Amino acid sequence: MKRTLALGGVAAGLLASAAIAAPAHADSVPAVNLAKTNLAAQQVAAFWYGQAKANLINATPYAVETTVSAKHVSTGGVSASDKAGVVGSSGDQKAATGTLKNVNLPKTTGKVFFIGADNEPHWCSATSVQGQYKNLVATAGHCVYDTKSNAATLDKWVFIPGYYEGKTPWGIYVGKTAYTHYDYSVYEDGDRDYAFVTVYNGVLPTEVRGTGHGFYGVYEDYFKASKVKKAIEAKKETGWSDLKIEPLVDLKSPTGKGKLGDRRNFGSEWVQVDQATIDKSVADGELGDKAPETFPAGTGVKVDPSNKGEFDAAYAAAKPGKKGETSQDHKNAYAWSADGKTLFLKRNGMTYTKRTFFVNYDVDYKLGGKKLSIALKDVGTLGSNVGGQGLAYNQKIGTGVFEFGYPSGSHPDGNYAFSGKTQKWAYGKTFKAAASSIKAQELVGIKSSFTGEGSIGSAWLYRYSNAKRLGYLNGVTIAVSDTDGNNRIDTNVSPYFDGETLAVYKTAAANWSGKIV
């Protein structure tokens, strides 16, 4: 699904209602688990590190609710009526301006990776934000919440600061819990299309190796095993590949006493067993004598069991009785060879025919394949490694901000200005905007040529210090637009960060994540 924006003004009544809106309370901030346990987080990290990081390298920009077609206007939109403020540890500093020739890129910017509704790996831009436990990431809401399939959140969510072509210089940070505004969680309100995610301590691999084939699980029937196999393959379950289903015979659990028959007549779940196994599993006396030497000397030639006609005739003449019958009349009608592997049937006291004995045992189905083993080491909190941006809210329209992210894709005219491989920056002053197609009447925009899906989630930093590489997060890109109709992207838009954004941030920032190894 492509998100198409129509930027425009809004009625004064909407602006008035926005001005008096009460800030969100912490108890009304929806929170959704991404990786609830340490084990789950370890599996997520192993998924992205596995197979020579193939899923990271092959991931594509998230193409959901991003590309826009719009006409730019600078009237209407949000109006900051509350007192402006900033929070965070970056501190006051002299702000950089858009006239800088060389901009030092922040270490806090990176990519978030996840599995989309199409079961394929994708990514968006994101940034580290300062919090009480130095474990907070900010990005667009639809880069966390699955708005395409209406599932709760996107799967296997991780943040990688400074990511470049498979390199994870400061490790992988697995998402633990996502927080957003109630209106976005329930109504997908574009005015609240942002999310703050707590992440576990980062991890780096110390060893990646295959352990050969192993069991994933054992199931009662083939249907159940096949269902699990398909589910694992669809979700790209961590650590398993080349999955196969094989029958598993339980020799301790016979489901039938026995069957006389040649190989052309037994079912797929009948298995040949030797005398030792039969002695353990079949009642004594069922087959009568077990040694050919109990028959009279000078007996005739054995019948060829591969000749069906001759074999059947010999068997009928022997009249061994019904299966399991142990009467004295039939006791000597058949006997086992000395090695206990061949059964001979007596015909008229003269000829012996060979027959194979089968016992019906319980058959389960094992699911197994190649298992990947990845050893991980803890590298500390996100904020300790790359720092964290502060947060700015209720800022005046017309404020200058830097935008940092990984734009990718082409302009509408087909020109590919950005590859999405490296971090880029843009500078612009905010203006009012609205987009009814995404239920957004209170957006802000900046002039930016960032294209395509990769720019979604890019950080808008207010009072960015080129020396410290820190500032205050004052927006996240949720869509891009060609506002003058020349087939070139010229505008990026973000939700307006206000007191309700502050409440979501505070709720998320107050939650600890911890280590996964």
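On a predicted model such as this, the values are computed, not experimentally measured, just so you know.
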- Would you find a donor on one side and an acceptor on the other, under 3.5 Å apart, between the side chain of Asn33 and the backbone of Ala35?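 Pair absent, no side-chain N/O of Asn33 close to backbone of Ala35.
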
Sequence neighbours excluded, which residues qualify as ring-ring contact (aromatic ring centres under 6.0 Å, His included) partners of [X]?
X: Phe497; value: Tyr194
X: Tyr200; value: none
X: Tyr222; value: Tyr365
X: Tyr427; value: Phe402

Nearest 0.5 Å please: distance from the [atom1] atom of [X] over to the [atom2] atom of [Y].
X: Asn492; Y: Asp490; atom1: CG; atom2: CG; result: 9.0 Å
X: Leu391; Y: Phe196; atom1: CG; atom2: CZ; result: 5.5 Å
X: Asp191; Y: Glu442; atom1: CG; atom2: CD; result: 5.0 Å
X: Phe418; Y: Ser455; atom1: CZ; atom2: OG; result: 9.0 Å

- Query: Just checking, Lys224 and Tyr219: is the charged tip under 6.0 Å from the six-membered ring centre and within 45° of the axis?
  - Reply: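 Checked: cation-pi criterion not met.
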
- Message: Testing the 3.5 Å rule here: is there a donor-acceptor pair between the side chains of Asn511 and Thr198?
- Response: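 Checked: Asn511/Thr198 side chains show no N/O donor-acceptor pair below 3.5 Å.
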
- Just checking, is any N or O donor in the side chain of Thr147 or Glu188 under 3.5 Å from an acceptor N or O on the other one?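 Side-chain D/A pair, Thr147 to Glu188: absent.
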
- Item | Close side-chain approach of Val87 and Tyr505, heavy atoms under 4.5 Å |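 Yes; the side chains approach each other to less than 4.5 Å.
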
- With side chains defined as the heavy atoms from C-beta onward, is the minimum distance between Tyr406 and Thr109 less than 4.5 Å?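 Answer yes - side chains close enough.
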
- Among Asn474, Thr477, Thr430, whose side-chain hydrogen bond (donor to acceptor under 3.5 Å, both in side chains) with Trp460 holds?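 Of the listed options, the one satisfying the test is Thr477.
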
Under the side chain to side chain donor-acceptor pair (under 3.5 Å) test, which residues partner [X], sequence neighbours left out?
X: His122; result: Thr60, Asp118
X: Ser410; result: none
X: Ser408; result: none

Any salt bridge (Lys or Arg N to Asp or Glu O under 4.0 Å) pairs touching [range], not counting sequence neighbours?
range: residues 419-429; result: Glu165-Lys421
range: residues 398-418; result: Asp413-Arg488
range: residues 167-187; result: none

- Message: Between Asn487 and His411, does the side chain to side chain donor-acceptor pair (under 3.5 Å) criterion hold? Intermediate values first, please.
- Response: CA-CA 6 Å; Asn487 288 326; His411 287 283; over 6 Å; no

- Task: Give the ring-plane orientation class for Tyr472 versus Tyr462, where under 30° counts as parallel, over 60° as perpendicular and anything between as tilted.
- Result: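 Tilted, since the angle between the ring planes falls between 30° and 60°.
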
- Query: Got more than 12 heavy atoms from elsewhere within 6.0 Å of OH, Tyr182?
  - Reply: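 Atom OH in Tyr182 is not crowded, with 12 or fewer foreign heavy atoms closer than 6.0 Å.
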
- Can you list every disulfide bond (SG atoms under 2.5 Å apart) pair that touches residues 98-133, not counting sequence neighbours?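 Counting only pairs at least two positions apart or across chains, the disulfide bond (SG atoms under 2.5 Å apart) contacts touching residues 98-133 are Cys124-Cys143.
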
- Task: Using a strict cut-off of less than 4.0 Å between a Lys/Arg side-chain nitrogen and an Asp/Glu carboxylate oxygen, indicate whether Arg192 and Asp498 qualify as a salt bridge.
- Result: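 The answer is yes: the pair qualifies as a salt bridge.
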
- Task: Verify whether the ring centers belonging to Phe113 and Tyr163 lie closer than 6.0 Å.
- Result: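 Phe113 vs Tyr163: aromatic centres under 6.0 Å.
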
- Message: Can you list everything that forms a side-chain contact (heavy atoms from CB on, under 4.5 Å) with Ala459? Sequence neighbours excluded, please.
- Response: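 side-chain contact (heavy atoms from CB on, under 4.5 Å) list for Ala459, sorted by chain: Thr127, Leu461, Leu473.
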
